[in-house]
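We number each residue from 1, following the sequence as shown.
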Amino acid sequence: MLAGARRALGRRMSDRPALEAVLFDAGGTLGRLDFEWMAAAVTELGTPLDAATLRAAEVEGRRRYDASFGVPAPPGEPSHPLGAGGDTREYFGGMLEAAGVPADVVPPALEAFTARQVTPGLWARPMEGAREALQGVRALGLRRAVVSNSDGRA
């Protein structure tokens, strides 16, 4: 049965046109959050935190962000570039809470993150393995492109 499934998959794959290019998303694929800087900023606020713990807690931040999706921009703020978006305070706050950061340290940490996001930004580290992936796609003779829904700094 497995051999039959492989043959069927092979037939479907051969019916497809050859790849010409690969598109990569910038954030979370080629670049990532600077967990090292973020953990150091929280540590400076008196709560020791390591980058690995914060990185693992980022999943909860994504959950909180997704749950807040559709939140309009606050009064006086420009609208989100793609319409309604999630609340980044929920994202970072959920991440910090899941990392065990005390509730009274979360607001000043969010303030530090917001200030850093102005420039150079929090998504400033290359993702591990990104360079090798890009080089591998190039070695296959495929074109590469990067897309992003970021604020334009990507």
Visitor: Taking the side chain as every heavy atom from C-beta outward, state whether Tyr65 and Glu90 have any atom pair closer than 4.5 Å.
Guide: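 Counting from C-beta outward, Tyr65 and Glu90 never come under 4.5 Å.
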Visitor: Using the side chain to side chain donor-acceptor pair (under 3.5 Å) criterion, which residues pair with Arg32? Sequence neighbours excluded.
Guide: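 Testing Arg32 for side chain to side chain donor-acceptor pair (under 3.5 Å), a comparison that skips the adjacent residues, returns Glu36, Glu128.
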Visitor: Can you establish whether the number of heavy atoms outside Glu20 located under 6.0 Å from its atom CD is more than 12?
Guide: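 Open: at most 12 neighbouring heavy atoms sit under 6.0 Å from CD of Glu20.
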Visitor: Roughly how far, to the nearest 0.5 Å, is CZ of Arg144 from CD of Gln135?
Guide: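 Here the interatomic distance stands at 8.5 Å.
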Visitor: Quick check against the 3.5 Å criterion: does Thr53 have a side-chain atom that pairs as donor or acceptor with the backbone of Ala99?
Guide: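 Between the backbone of Ala99 and the side chain of Thr53 there is no qualifying donor-acceptor contact (under 3.5 Å).
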Visitor: With a 4.0 Å cut-off on N to O distance, would you call Asp34 and Arg116 a salt bridge?
Guide: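 Yes, charged N to carboxylate O under 4.0 Å.
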Visitor: Side-chain contact, heavy-atom cut-off 4.5 Å: Glu97 with Glu60?
Guide: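 They are not in contact (no side-chain heavy atoms under 4.5 Å apart), so the answer is no.
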Visitor: According to side chain to side chain donor-acceptor pair (under 3.5 Å), who are the partners of Glu58, at least two apart in sequence or on a separate chain?
Guide: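 For Glu58 the side chain to side chain donor-acceptor pair (under 3.5 Å) partners, ignoring immediate neighbours, are Arg62, Tyr91.
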Visitor: To the nearest 0.5 Å, what is the distance between CG (Leu23) and CZ (Arg143)?
Guide: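 It is 10.0 Å, given to the nearest 0.5 Å.
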Visitor: Got Val101 and Leu54 here, is their nearest side-chain heavy-atom distance under 4.5 Å?
Guide: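 Not in contact.
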Visitor: Check the hydrophobic clustering (I, L, V, M, F, W, Y; side-chain heavy atoms under 4.5 Å; chains of links allowed) and say if Phe24 and Leu33 are grouped together.
Guide: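 No: no chain of side-chain contacts under 4.5 Å links Phe24 to Leu33.
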Visitor: Do you know the tightest heavy-atom contact between Gly121 and Ala124?
Guide: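 Looking at all heavy atoms of both residues, the closest pair is O-CB, 3.8 Å.
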Visitor: Check for me, please, whether Val137 and Val146 land in the same ILVMFWY cluster - side-chain distances under 4.5 Å, paths through other members count.
Guide: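 Hydrophobic grouping puts Val137 with Val146.
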Visitor: Between the main-chain N or O of Leu122 and the side-chain N or O of Gln117, is there a donor-acceptor pair closer than 3.5 Å?
Guide: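 It does hold such a pair.
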Visitor: Grab the two heavy atoms, one from Ala51 and one from Ala39, that are nearest each other, plus how far apart they are.
Guide: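 Between these two residues, the closest heavy atoms are N-CB, 3.6 Å.
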Visitor: So which heavy atom on Thr47 is nearest to which on Pro102, and how close?
Guide: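 Where Thr47 meets Pro102 most closely, the heavy atoms are CG2-CD, 3.6 Å.
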Visitor: Below 3.5 Å, can you tabulate the donor-acceptor pairs from side chains in residues 105-114 to any protein atom, sequence neighbours excluded?
Guide:
unit_1 : atom_1 : unit_2 : atom_2 : d
Thr114 : OG1    : Leu110 : O      : 2.8

Visitor: Determine whether Arg138 and Leu142 make a side-chain contact, defined as any pair of heavy atoms from C-beta on separated by less than 4.5 Å.
Guide: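 The answer is no, as the side chains (C-beta and beyond) never meet within the 4.5 Å cut-off.
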Visitor: Determine whether Arg64 and Met95 make a side-chain contact, defined as any pair of heavy atoms from C-beta on separated by less than 4.5 Å.
Guide: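 Not touching, per the 4.5 Å side-chain cut-off.
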Visitor: Please determine whether residues Leu45 and Phe35 belong to a single hydrophobic cluster, defined as Ile, Leu, Val, Met, Phe, Trp and Tyr linked transitively by side-chain heavy-atom distances below 4.5 Å.
Guide: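 Yes, same cluster.
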Visitor: So, do Asp25 and Leu30 sit near enough that their side-chain heavy atoms are less than 4.5 Å apart?
Guide: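 No. Closest side-chain heavy atoms not under 4.5 Å.
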Visitor: What's the separation between atom CG in Leu96 and atom CG in Leu49, rounded to the nearest 0.5 Å?
Guide: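 With rounding to 0.5 Å, CG (Leu96) is 7.5 Å from CG (Leu49).
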